[in-house]
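All values reported here derive from a predicted model rather than from experimental measurement. The first residue in the sequence is number 1, and the count goes up from there.
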Amino acid sequence: MAKTFFFYDLETSGLNARYDRIMQFAGVRTDEKFNAIGDPVNLLIKLPDDTLPSPESVLITKITPQQTVREGLTEAEFAEYFMDEIALPDTIFTGYNNVRFDDEFMRHFLWRNFRDPYEWTWSDGRSRWDLLDVVRLVRALRPDGIGWGFIEKDGKKIPTNNLVDMARLNGFENTNAHDALADVYALIGVAKLLREKQPKMFDYLLAMRDKKSVAKLAGAGQPFVYASGRYSSEFEKTTVAAMIAPTRSGALVWDLRSDADEFAKLSEKEILANMTANYETRHADDFVPLPVKEICFNKCPAIAPLGTLDAGAQKRLKLNLAEVEKNFRVLQKNRGLIDKIAAAWNAKPEFALAGDVEGRLYDSFADNADKPKIRVVAAAKANDLADFHPNFVDERLTELLLRYKARNYPKSLSDAEKNLYEEWKNAKLTREIPEYVKKLSWIAAIAHDETPADLGDNEKKRFFAFKNRYKDLNIDDFILEELKLWLESIAP
């Protein structure tokens, strides 16, 4: 079967994939030449009555909770539609920063709706691709024929790869940024542009979305070109790297702009402290970050052989190949440093387990004994669920099932289950409402250029940091009023 692309984008109730919700899903399927196949998909998803959306997100997207309730599908309805109509065999799911954002929301959405959170991106010939790092690497190596954006910061021109700027500068302007479907059409425009202007680079990076291809190049024992958001905008987010140690997800790589001898005397303890430094430490003037990061082979990293780094790219990226080669030889001699880095990486504390079951997707895979029961839940309607009481091996699923029924099929709940759900929901909202009310009042104050009275020193600092985040937003009084009404409607 021929491959198809499904370009997609989400608008969400916040930035936390574990606990925030998809409010809009939009996508367009295309053939391999990016001609649309069928109608576009543009759906709203009902926000459940246990969720307070981020005011910032709603002010950006203009999608209110009330609108999703009026016009949207339940999560269960959308999960069924997605698996039956969108996750077709041989689909390449394509987005812009989707690997780190949209795909994570989709995984958690599928998890809490009793669908496999992983298979949609790899089984039946399906795969995924992220064009953000592709754009970064094309800009770094083969920018000709494409309009590129910049922002002014501290008197300097800083490269930016914002999707809106890409569309504007290349003649397919996105007139409704932060609307998911508009962003999808802009993304298709970017894909067409890259393929037209730099076809060899485009086709190469499309093939390199496969984790085996990435592992082969990164693990070949030679330096390679690598674009990542972790690298500096001064160098187009691109460097030359070399693999130094394997990890569970891929490999640790060294940035060959740096001389390993300068770090050789660090102890394993000092390396670990550097790797795990908090925000304040990392942004101190005297902090020198270790030039090491993890490359995850299954996250579509944008990498290319060193031979793609021509003279023009070396100049743009301020890379001297003689210096890179010298640093590579020094790195290879510093086996002791590499061993300490690998040991420190393995000694890094695990992320704390999520406190709530909906955030515990990555605790473990579903038990094989539970998989038939999970499929029954996904296929069941309200009447079926009312009489279905599976004895799950995985204790996470029992609580998930209660919430799944309450949000999607409330008539399936027994009186005891209703009470359990209401108890959980009310406790959750009671914890969250005081801070939410404060946010809404602060946004109203910002809209009228006021500072709330009677703020202590710490609260003043918080308010002004908060104000800085909102200073460029169009604060719509209607949206604020809708958020207040939503809060009143779901408050215990």
Please tell me if the side chains of Leu397 and Leu401 come closer than 4.5 Å, counting only heavy atoms from C-beta onward. no
Point-to-point distance, once rounded to the nearest 0.5 Å, from CD1 of Ile151 to OG1 of Thr160: 5.5 Å
Distance (rounded to the nearest 0.5 Å) between Ser489 OG and Gln66 CD: 6.5 Å
Could you tell me the separation between the SG atom of Cys300 and the CG atom of Asp210, rounded to the nearest 0.5 Å? 9.5 Å
Criterion salt bridge (charged side-chain N to carboxylate O under 4.0 Å, His left out) on Lys156 and Glu234, from CA distance to verdict: CA-CA 10 Å; Lys156 296 180 180 179; Glu234 180 185 358; over 6 Å; no
For the backbone of Asn35 and the side chain of Asp31, can you confirm whether one donor and one acceptor N or O come within less than 3.5 Å of each other? yes
Positive for ring pair (Phe, Tyr, Trp, His ring centres under 6.0 Å) with Tyr8, one of Phe105, Phe82, Trp129, Phe25: Phe25
Between Phe7 and Tyr96, is the gap from one ring center to the other below 6.0 Å? no
Keeping Arg21 on the side-chain end and Tyr19 on the backbone end, is there a donor-acceptor pair under 3.5 Å? yes
Could you check whether any side-chain N or O of Asp255 sits under 3.5 Å from a backbone N or O of Ala241, counting only pairs where one atom can act as donor and the other as acceptor? no
Is the Phe34 ring parallel, tilted or perpendicular to the Phe202 ring (thresholds 30°, 60°)? perpendicular
Side-chain donor-acceptor pair under 3.5 Å between Asp179 and Tyr185, yes or no? no
Answer yes or no: is there a side-chain heavy-atom contact under 4.5 Å between Trp345 and Glu294? yes
Mark yes when over 12 heavy atoms from residues, nucleotides or ligands other than Arg230 sit less than 6.0 Å from its CZ; otherwise mark no. no
Reported CG-to-CG distance for the pair Leu217 and Leu306, which is rounded to 0.5 angstrom: 10.0 Å
Could you go through the side chain to side chain contact (heavy atoms under 4.5 Å, CB included) check for Lys348 and Met275 one step at a time? CA-CA 8 Å; Lys348 279 177 36 176; Met275 287 179 169; 4.2 Å; yes
As a quick check of understanding, evaluate side chain to side chain donor-acceptor pair (under 3.5 Å) for Thr121 and Arg107, giving each step before the final call. CA-CA 10 Å; Thr121 58; Arg107 282 181 178 172; 4.7 Å; no
If you draw a 6.0 Å radius around CG in Asp39, do more than 12 non-hydrogen atoms from other residues or ligands fall strictly inside? no
Would you find a donor on one side and an acceptor on the other, under 3.5 Å apart, between the side chain of Asp50 and the backbone of Lys425? no
Please check if the side chain of Glu482 supplies one atom and the backbone of Thr64 the other of a donor-acceptor pair under 3.5 Å. no
Any side-chain heavy-atom pair of Leu321 and Gln314 under 4.5 Å: yes
Would a 4.5 Å heavy-atom cut-off, applied to side chains only, mark Thr398 and Val357 as touching? no
What verdict does the ring pair (Phe, Tyr, Trp, His ring centres under 6.0 Å) test give for Phe365 and Trp111, after you've listed the backbone C-alpha separation in whole Å, the side-chain angles of each residue and the deciding distance to 0.1 Å? CA-CA 10 Å; Phe365 292 110; Trp111 150 249; over 10 Å; no
Does any donor atom in the side chain of Thr91 or Arg126 lie under 3.5 Å from an acceptor atom in the other side chain? no
Do we see a donor-acceptor contact under 3.5 Å between the side chains of Asp20 and Asn16? no
Please determine if Arg407 and Glu358 form a salt bridge, counting it only when a charged side-chain N lies under 4.0 Å from a carboxylate O. yes
Which atom of Pro53 lies closest to which atom of Thr51, heavy atoms considered: CD-O, 3.6 Å
Check this for me, if you would: do Lys371 and Asp116 make a salt bridge, where the nitrogen-to-carboxylate-oxygen distance has to be below 4.0 angstrom? no
Is it the case that over 12 heavy atoms from other parts of the model lie below 6.0 angstrom from the CG atom of Asn383? no
Just wondering, are more than 12 heavy atoms of other shown residues or ligands nearer than 6.0 Å to CZ in Arg248? no
Tell me whether the centres of the aromatic rings in Tyr226 and Tyr231 are closer together than 6.0 Å. yes
Whether over 12 other heavy atoms sit under 6.0 Å from Lys211 NZ: no
Smallest separation among heavy atoms of Val225 and Thr238, with atom names: CG1-CG2, 3.6 Å
Would you check, one step at a time, whether the test side chain to side chain contact (heavy atoms under 4.5 Å, CB included) holds for Leu252 with Thr247? CA-CA 7 Å; Leu252 296 178; Thr247 66; 3.7 Å; yes
For residues Leu309 and Leu317, report the shortest heavy-atom separation together with the two atoms involved. CD1-CD1, 3.8 Å
Test item: Ile63 and Thr68 side chains (from C-beta on) under 4.5 Å apart, heavy atoms: yes
Quick test of your reading of the model: are Arg18 and Glu104 salt-bridged, counting only N-O distances below 4.0 Å? no
Consider only side-chain N and O atoms of Asp144 and Gln198, and report whether a donor and an acceptor are under 3.5 Å apart. no
Just checking Lys299: does its NZ atom have more than 12 heavy atoms from other residues, nucleotides or ligands closer to it than 6.0 angstrom? no
Does the side chain of Asp90 reach to within under 4.5 Å of the side chain of Asp124, using non-hydrogen atoms? no
If you take the centroid of each ring, where Trp contributes its six-membered ring, are Trp254 and Phe328 closer together than 6.0 Å? no
Any sub-3.5 Å donor-acceptor pair from Asn113's side-chain atoms to Phe109's backbone N or O? yes
Looking only at atom types and distance, does a side-chain atom of Asp394 sit under 3.5 Å from a main-chain N or O of Asp367, one as donor and one as acceptor? no
So, for Glu71 and Leu44, which heavy atoms are closest and what is the spacing to 0.1 Å? OE1-CD1, 3.6 Å
With salt bridge (charged side-chain N to carboxylate O under 4.0 Å, His left out) as the test, pick out the partner of Asp133 among Arg139, Arg209, Arg100, Lys237. Arg100
Shortest non-hydrogen contact from Glu417 to Lys405? OE2-NZ, 3.0 Å
For Gly72, does its backbone N or O pair with a side-chain atom of Lys46 as donor and acceptor, under 3.5 Å? yes
Minimal heavy-atom distance between Tyr204 and Pro305, with the atoms involved, is OH-CD, 3.2 Å
Note: Glu395-Arg360 ion pair, threshold 4.0 Å (strictly below): yes
Spell out, as yes or no, whether a donor-acceptor pair under 3.5 Å connects the side chain of Arg257 to the backbone of Asn327. no
Please answer whether the main-chain N or O of Phe114 pairs with a side-chain N or O of Arg375 as donor and acceptor at a distance below 3.5 Å. no
Check step by step if side chain to side chain contact (heavy atoms under 4.5 Å, CB included) holds for Leu43 and Val41. CA-CA 6 Å; Leu43 302 171; Val41 177; 3.9 Å; yes
Would you compute the distance between atom CD of Glu399 and atom CZ of Arg403 and round it to the nearest 0.5 angstrom? 4.0 Å
Side chain to side chain contact (heavy atoms under 4.5 Å, CB included), that's the test. Do Val28 and Leu181 meet it? Break it down for me. CA-CA 8 Å; Val28 173; Leu181 187 57; 4.1 Å; yes
Distance, nearest 0.5 Å, that separates CZ of Phe5 from CD of Glu32: 6.5 Å
